[in-house]
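What follows is one structure encoded as structure tokens, with my remarks underneath.
Order of the sequence lines fixes the chain letters, A, B, ..., with proteins taken first and strands second; residue numbering starts at 1 for each chain. What you see is a predicted model, and the numbers here were worked out from it, not measured in a lab. Computed over heavy atoms, backbone and side chain alike; hydrogens, waters and symmetry mates excluded.
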Number of protein chains: 2
Amino acid sequence: MEEKEISQAVIGRLPRYFRYLGELKDEGVERVSSQELSELMKVTASQIRQDFNNFGGFGQQGYGYNVEFLYKEIGRILGLDKKHNFIIVGAGNLGRALGNYMNFERRGFIFKGMFDKNPELIGEDVRGVRIMPLERLESFVRENDIDIAVLTIPKASAEEVAEKLAQNGIRAIWNFAHVDLNLPEGIQVENVHLSDSLMKLSYNINRYMHETGTE
Amino acid sequence: MEEKEISQAVIGRLPRYFRYLGELKDEGVERVSSQELSELMKVTASQIRQDFNNFGGFGQQGYGYNVEFLYKEIGRILGLDKKHNFIIVGAGNLGRALGNYMNFERRGFIFKGMFDKNPELIGEDVRGVRIMPLERLESFVRENDIDIAVLTIPKASAEEVAEKLAQNGIRAIWNFAHVDLNLPEGIQVENVHLSDSLMKLSYNINRYMHETGTE
DNA sequence: AAAAACGTGTCAATGAATTGACAGGATAAT
DNA sequence: ATTATCCTGTCAATTCATTGACACGTTTTT
């Protein structure tokens with residue numbers, strides 16, 4: 001009944017396809033060929049066809065792909081047709097920034113709660129969501145059908161909080177803390193290590209300078 | 001004189017090595033073998049040796065790697081021994097969160113300026129840096145030796161701002177806007193597409209639920 | 001001082017991802 | 001209606017990345 005395992009390399013490209021297709025759709029474009037899309041996205045047409053074909057034949061010979069259909073289909077594959085409740089743990093600058101970012105709702109991610117250990121922040125309001133003390137975290141997760149926890153706390157407490165979340169039935173953690181979480185199989189973790197990303201940038205700046213002899 | 005090209009797959013792993021080595025160093029560990037490190041980091045020892053060896057022999061048979069030396073060496077490879085001035089364009093929640101994040105300084109990234117088009121924000125202070133109007137962006141970049149621009153503005157204006165930055169000598173863009181920037185060769189771009197990351201998480205939640213039949 | 005254990009650097013083997021090529025069905029042009 | 005063009009799905013070839021194996025120099029033990 002289920003399809004074969006799809007590689008994470010392919011999954012990693014789906015959001016980008018989704019974005020480009022959404023733009024084409026908004027422009028009123030009805031159909032697109034892998035050739036056209038490849039020029040737009042600067043990838044090979046072969047890769048596009050190969051990628052889409054992992055999920056079954058979405059296209060038609062001589063016609064190409066129907067933009068609206070393909071857009072919806074990729075959204076469905078990504079699970080964006082389902083609703084997922086999420087909470088944010090850590091009401092610092094980054095946590096608040098994410099809480100205030102409204103576009104997640106558009107994709108089915110519903111902001112349900114926010115937690116911090118700092119007593120001074122308790123009761124404050126971020127986009128209609130009240131900040132609660134960490135003591136309430138576990139019961140809140142259990143009782144409110146929370147799928148995803150966004151972790152924007154210092155690394156020191158991240159592992160401990162993640163374990164608590166796991167014990168109370170969280171399905172996934174979007175981890176902005178600068179540690180690797182060690183969780184039971186079946187709990188999905190997506191790391192956003194901002195400083196790692198900045199270091200990569202730093203490497204590439206220096207590499208380029210060396211290559212070209214730029215000062 | 002210069003080494004052969006290193007694959008981005010390897011570069012992408014360097015920050016994580018750097019982090020683990022830093023932790024070992026702080027714990028006072030003097031030496032580590034690829035075997036020990038592989039258990040700690042959950043990767044193969046072979047990959048570790050292969051990766052390090054791209055940059056020359058850092059280890060010694062029968063001894064392993066000197067933690068402090070290796071840590072410094074990887075830092076140097078990543079360019080963290082150099083200073084890079086950066087600015088933030090877009091003083092919304094995310095821009096401020098990044099501006100307030102102080103750890104970047106520790107790695108040689110110096111916060112020099114912040115820009116926004118909203119007149120009401122001009123003059124406000126984010127960690128000692130005054131928010132300036134967008135009109136001053138280009139001259140500021142030219143006159144203050146700015147290497148990196150952090151882009152935390154809506155996608156609509158991102159391409160235009162990026163072009164201006166390019167014309168005024170920026171070396172790299174850390175792009176949080178949800179578009180692919182099209183810049184002349186030699187300007188490094190590192191994308192942080194948060195919603196892409198969240199979509200991947202979403203996919204993996206659903207995949208796991210299907211695999212296991214969880215409701 | 002000799003023997004045993006350790007552990008790197010490197011080469012070869014395997015595995016994964018990307019690209020190229022093309023048969024043949026669908027569309028568009030004549 | 002026929003022909004030419006388009007363009008997918010797929011297989012094969014190639015390229016890239018990861019893993020395994022081991023010769024040999026270092027360290028540690030006896």
Side-chain angles (χ1 to χ4, degrees), chain A residues 3-17 20-21 24 29-74 77 196 200 203-204 207, chain B residues 3-17 20-21 24 29-74 77 196 200 203-204 207:
Chain A
E3 308 86 16
K4 65 178 176 305
E5 182 93 14
I6 309 293
S7 84
Q8 289 293 313
V10 174
I11 306 308
R13 287 192 289 266
L14 291 184
R16 186 152 179 267
Y17 291 132
Y20 275 85
L21 288 165
L24 287 174
V29 177
E30 262 187 17
R31 55 186 259 191
V32 69
S33 69
S34 59
Q35 179 63 41
E36 291 164 335
L37 201 51
S38 86
E39 280 158 22
L40 202 57
M41 296 185 64
K42 311 231 170 93
V43 297
T44 64
S46 186
Q47 178 163 80
I48 291 176
R49 291 205 297 279
Q50 198 80 272
D51 282 352
F52 290 171
N53 219 229
N54 278 291
F55 306 97
F58 294 154
Q60 196 154 29
Q61 290 167 324
Y63 175 90
Y65 299 88
N66 179 289
V67 170
E68 177 137 18
F69 174 76
L70 186 54
Y71 174 78
K72 281 205 185 131
E73 205 56 25
I74 293 182
I77 291 164
D196 288 14
K200 268 194 278 175
Y203 174 86
N204 284 318
R207 178 187 54 95
Chain B
E3 309 85 16
K4 65 177 176 305
E5 182 92 13
I6 309 294
S7 84
Q8 289 292 315
V10 174
I11 306 307
R13 286 191 290 264
L14 291 184
R16 186 151 179 266
Y17 291 132
Y20 274 85
L21 288 165
L24 287 174
V29 178
E30 262 188 15
R31 54 186 260 192
V32 69
S33 69
S34 60
Q35 179 63 40
E36 291 165 334
L37 200 52
S38 85
E39 280 158 22
L40 202 57
M41 297 184 64
K42 313 232 169 94
V43 296
T44 63
S46 186
Q47 178 164 79
I48 291 177
R49 293 206 295 281
Q50 197 81 272
D51 281 352
F52 291 170
N53 218 230
N54 279 292
F55 305 97
F58 294 154
Q60 195 156 28
Q61 288 168 324
Y63 176 92
Y65 299 88
N66 180 289
V67 170
E68 176 137 19
F69 175 76
L70 186 54
Y71 174 77
K72 280 204 183 131
E73 205 56 24
I74 293 183
I77 291 164
D196 288 14
K200 268 194 280 176
Y203 173 86
N204 283 319
R207 175 187 56 93

For chain A and DNA chain C, what are the first and last nucleotides along the strand, 5' to 3', with at least one atom under 4.0 angstrom from a heavy atom of the protein chain? dA17(C) to dA28(C)
Which protein N or O atoms sit under 3.5 Å from an N or O of nucleotides 27-30 of chain D?
unit_1, atom_1, unit_2, atom_2, d
dT28(D), OP1, R31(B), NH1, 3.1

About how many Å separate OH of Y20(B) and CE of M41(B), when rounded to the nearest 0.5 Å? 6.0 Å
Considering only residues two or more places apart or on different chains, which pairs with a residue in residues 40-62 of chain B satisfy salt bridge (charged side-chain N to carboxylate O under 4.0 Å, His left out)? R13(B)-D51(B)
Taking ring pair (Phe, Tyr, Trp, His ring centres under 6.0 Å) as the definition, give me every residue that meets it alongside F52(B), ordered by chain and number, with sequence neighbours left out. Y17(B), Y65(B)
Those residues at least two apart in sequence (or on a different chain) that pass salt bridge (Lys or Arg N to Asp or Glu O under 4.0 Å) with R207(B) are E5(A), E211(B)
side-chain N/O S34(A) vs dC7(D) OP1/OP2, d < 4.0 Å: no
Taken in chain and number order and not counting sequence neighbours, the residues that satisfy side-chain contact (heavy atoms from CB on, under 4.5 Å) with Y63(A) are R31(A), Q60(A), N66(A)
Using whole Å, report how far CD of E5(B) lies from C1' of dT15(D). 15 Å
In Å, rounded to the nearest 0.5 Å, how long is the span from CG of L37(A) to CG of L24(A)? 6.5 Å
Which whole-number value in Å describes the distance from Q8(B) CD to dA17(D) P? 10 Å
With sequence neighbours excluded, what pairs up with Y203(A) under the ring pair (Phe, Tyr, Trp, His ring centres under 6.0 Å) test? none
List the steps and the verdict of side-chain contact (heavy atoms from CB on, under 4.5 Å) for I74(A) and F55(A). CA-CA 9 Å; I74(A) 293 182; F55(A) 306 97; over 6 Å; no
List in numerical order all residues of residues 42-52 of chain B for which some heavy atom is under 4.0 Å away from an atom belonging to DNA chain D. T44(B), S46(B), Q47(B), R49(B), Q50(B)
Does CD belonging to E30(B) count more than 12 external heavy atoms closer than 6.0 Å? no
Sequence neighbours left out, what passes side-chain contact (heavy atoms from CB on, under 4.5 Å) with S38(A)? Give chain and number order. Q35(A), A45(A), I48(A)
Contact check, residues 64-73 of chain B vs DNA chain C, heavy-atom distance under 4.0 Å, returns G64(B), Y65(B)
For R13(B) and dA17(D), what is the distance between atoms CZ and C1' respectively, to the nearest whole Å? 8 Å
List in chain and number order the residues that pass salt bridge (Lys or Arg N to Asp or Glu O under 4.0 Å) with E68(B), two or more places apart in sequence or in another chain; answer none if no residue qualifies. K72(B)
Salt bridge (charged side-chain N to carboxylate O under 4.0 Å, His left out): which pairs involve residues 53-64 of chain B, sequence neighbours left out? none
To the closest 0.5 Å, what do you measure between OG (S34(A)) and CD (Q50(A))? 11.5 Å
